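Only one structure is covered here, and it is reproduced in the block below.
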Amino acid sequence: IPSAQRATADAAGPVMDVVAARQELIGDGERSRAPLLLTADAMARRGRYGDATALINGATAANPRDFEAWLAQGIALTEHADGVLTAPALFALRRAAALRPGHPAPGYFLGLAMIRQGQLPEARQVWAQTLAAAPADAAGRAALAERLARLDQLLGMLAAGQGQAPAAVPAP
């Protein structure tokens with residue numbers, strides 16, 4: 001209908017608060033000091049992921065070793081592509097993982113993107129490997145373990161409904 005207002009991401013709001021999810025997995029000592037990231041987070045919370053990525057580019061250019069900025073960039077790029085893990089998003093997540101080997105956050109968001117693309121067994125494998133590599137005291141480790149358990153439950157229910165378990169998940 002020509003006179004109907006088009007629904008936008010700003011009007012509907014984002015599906016999940018990726019900023020809060022990122023912050024849940026980051027320890028206080030790992031937080032970025034980049035002022036641009038604060039503004040980018042505000043834009044991301046309103047579903048303006050393209051604008052957020054532009055600001056985060058400034059943060060990563062100013063400090064290429066900013067773990068949280070690279071992580072935020074990977075998340076914002078994935079959200080900007082409606083949950084699709086693009087090559088630039090994967091690059092940013094890999095950069096974050098290289099800066100903090102063993103940190104669960106990059107693997108968590110990689111697995112989350114895979115789940116959104118319907119790759120549940122692959123996401124489970126990524127999450128299990130990420131959890132195994134994470135130090136026992138890593139920030140976000142408990143959150144990842146809880147989500148992995150929920151994914152296992154989901155995969156178990158799906159396997160029970162299909163009569164067979166996916167290769168990566170033991171039968172319930």
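What you are looking at is a predicted structure, and each value in this text was computed from that prediction instead of being measured. No hydrogens, no waters, no symmetry mates; every other heavy atom, side chains included, goes into these values.
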Let's go through Leu154 and Leu120 carefully: what are the C-alpha distance in whole Å and the side-chain angles of both, what is the deciding distance for side-chain contact (heavy atoms from CB on, under 4.5 Å) to 0.1 Å, and is it a yes or a no? CA-CA 9 Å; Leu154 174 64; Leu120 300 178; 4.2 Å; yes

Residues Glu68, Arg100; criterion salt bridge (Lys or Arg N to Asp or Glu O under 4.0 Å); working and verdict: CA-CA 10 Å; Glu68 188 178 12; Arg100 292 279 194 319; over 6 Å; no

Might you point out which heavy atoms bring [X] and [Y] nearest each other, and give the distance in Å?
{"X": "Ile115", "Y": "Ala123", "answer": "CG1-CB, 3.4 Å"}
{"X": "Ala40", "Y": "Leu55", "answer": "N-CD1, 3.8 Å"}
{"X": "Ala59", "Y": "Leu36", "answer": "N-CD1, 3.7 Å"}
{"X": "Leu25", "Y": "Ala143", "answer": "CD2-CB, 3.9 Å"}
{"X": "Pro104", "Y": "Leu144", "answer": "CB-CD2, 3.9 Å"}
{"X": "Ala138", "Y": "Ala134", "answer": "CB-CB, 4.4 Å"}

side-chain contact (heavy atoms from CB on, under 4.5 Å) for Val18 and Tyr49? Distances and angles first, verdict last. CA-CA 11 Å; Val18 293; Tyr49 301 111; 4.1 Å; yes

Using 0.5 Å steps for rounding, measure from the [atom1] atom of [X] to the [atom2] atom of [Y].
{"X": "Glu24", "Y": "Asp17", "atom1": "CD", "atom2": "CG", "value": "10.5 Å"}
{"X": "Arg150", "Y": "Gln153", "atom1": "CZ", "atom2": "CD", "value": "8.5 Å"}
{"X": "Leu148", "Y": "Arg124", "atom1": "CG", "atom2": "CZ", "value": "5.0 Å"}

Do [X] and [Y] belong together in a cluster built from hydrophobic side chains that touch within less than 4.5 Å?
{"X": "Trp127", "Y": "Phe109", "answer": "yes"}
{"X": "Leu71", "Y": "Ile56", "answer": "no"}
{"X": "Ile26", "Y": "Leu77", "answer": "no"}
{"X": "Leu85", "Y": "Leu151", "answer": "yes"}
{"X": "Val84", "Y": "Leu112", "answer": "no"}

Could you tell me whether the side chain of Arg95 and the main chain of Pro64 form a donor-acceptor pair under 3.5 Å?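 Between the backbone of Pro64 and the side chain of Arg95 there is a qualifying donor-acceptor contact (under 3.5 Å).
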
Whether Glu30 side chain and Gly27 backbone form a donor-acceptor pair below 3.5 Å: yes

Over 12 non-hydrogen atoms of neighbours within 6.0 angstrom of CZ in Arg31: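 Counting neighbours around CZ of Arg31, more than 12 heavy atoms of other residues, nucleotides or ligands fall under 6.0 Å, so yes.
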
Residues Arg116 and Glu79 bridged, charged N to O under 4.0 Å: yes

One thing to verify: whether Arg22 and Asp41 come together as a salt bridge, which I'm taking to mean a side-chain N less than 4.0 angstrom from a carboxylate O.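 Yes.
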
Does Trp70 reach the side chain of Leu99, with side-chain heavy atoms less than 4.5 Å apart? yes

Do you know which of Thr53, Asn57, Asp66, Thr60 makes side-chain hydrogen bond (donor to acceptor under 3.5 Å, both in side chains) with Gln73?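 With Gln73 as partner, Thr53, Asn57, Asp66, Thr60 yield a single side-chain hydrogen bond (donor to acceptor under 3.5 Å, both in side chains), made by Asn57.
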
Between Leu110 and Leu90, does a side-chain contact (heavy atoms from CB on, under 4.5 Å) hold up when you go through it step by step? CA-CA 8 Å; Leu110 175 62; Leu90 185 57; 3.9 Å; yes

For the residue pair His103 and Phe67, does the interplanar ring angle fall in the parallel (under 30°), tilted (30 to 60°) or perpendicular (over 60°) class? tilted

